[in-house]
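The block underneath contains the structure these notes are about, expressed in structure tokens.
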Amino acid sequence: MVTDEQIQEWADEAEKGYDLAELKRRGRGRPGRGAEPMQVVAVRLTAEEIASLDALSAREHQSRSETIRRALAHYSA
């Protein structure tokens, strides 16, 4: 939940202005994972599989994608 104080902080920050060079340097989108191009792969999972994936991801403090990548790395090792 956003508080009135947070909104005021954002407004104050915006009124001061932004360093455009700093904003441009950050780039857009997610950072790459390596030198190779990445590809998105859609996978259909049952509700039970998603629940299991989410539980494991939460336990390991990682995203769904990272959990799947680690499982693939383990399986192919």
Side-chain angles (χ1 to χ4, degrees):
M1 179 175 234
V2 178
T3 65
D4 290 338
E5 291 80 19
Q6 182 64 55
I7 293 171
Q8 187 59 53
E9 287 177 24
W10 291 334
D12 293 344
E13 180 183 1
E15 288 173 358
K16 288 179 193 173
Y18 296 100
D19 181 356
L20 295 180
E22 174 65 22
L23 292 174
K24 287 181 181 180
R25 184 171 55 233
R26 290 185 198 167
R28 297 183 64 152
R30 293 180 182 206
R33 290 188 53 237
E36 295 181 37
M38 303 290 292
Q39 185 174 356
V40 175
V41 177
V43 178
R44 294 177 192 258
L45 301 173
T46 65
E48 184 177 293
E49 290 167 332
I50 292 171
S52 178
L53 174 60
D54 287 344
L56 179 57
S57 297
R59 217 172 30 250
E60 298 295 323
H61 305 287
Q62 58 193 22
S63 68
R64 284 178 174 174
S65 294
E66 186 61 25
T67 301
I68 293 168
R69 284 192 292 269
R70 284 186 173 190
L72 287 171
H74 177 76
Y75 183 75
S76 64

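In this text the structure is predicted, and so the values were computed from the model without any measurement.
Sequence neighbours left out, not one pair with a member in residues 42-53 passes salt bridge (charged side-chain N to carboxylate O under 4.0 Å, His left out).
Under a 4.5 Å side-chain heavy-atom cut-off, the cluster of Ile, Leu, Val, Met, Phe, Trp and Tyr residues that includes V40 has no other member. Residues V43, L45, I50, L53, I68, L72 make up the rest of the hydrophobic cluster containing V41, defined by ILVMFWY side-chain heavy atoms closer than 4.5 Å, directly or through other members.
Residues passing the side chain to side chain donor-acceptor pair (under 3.5 Å) test with T67, sequence neighbours excluded: S57, Q62. Considering only residues two or more places apart in sequence or on other chains, Q8 meets the side chain to side chain donor-acceptor pair (under 3.5 Å) condition with D12. Y18 is linked by a side-chain contact (heavy atoms from CB on, under 4.5 Å) to E13, A14, L23, counting only residues two or more places apart in sequence or in another chain. In this structure, D4 has no side chain to side chain donor-acceptor pair (under 3.5 Å) partners at least two apart in sequence or on a different chain. Looking at residues two or more places apart in sequence or on another chain, you find a side-chain contact (heavy atoms from CB on, under 4.5 Å) between S63 and S65, E66.
In this structure, the separation between CG on L56 and CZ on R70 is 9.5 Å, given to the nearest 0.5 Å.
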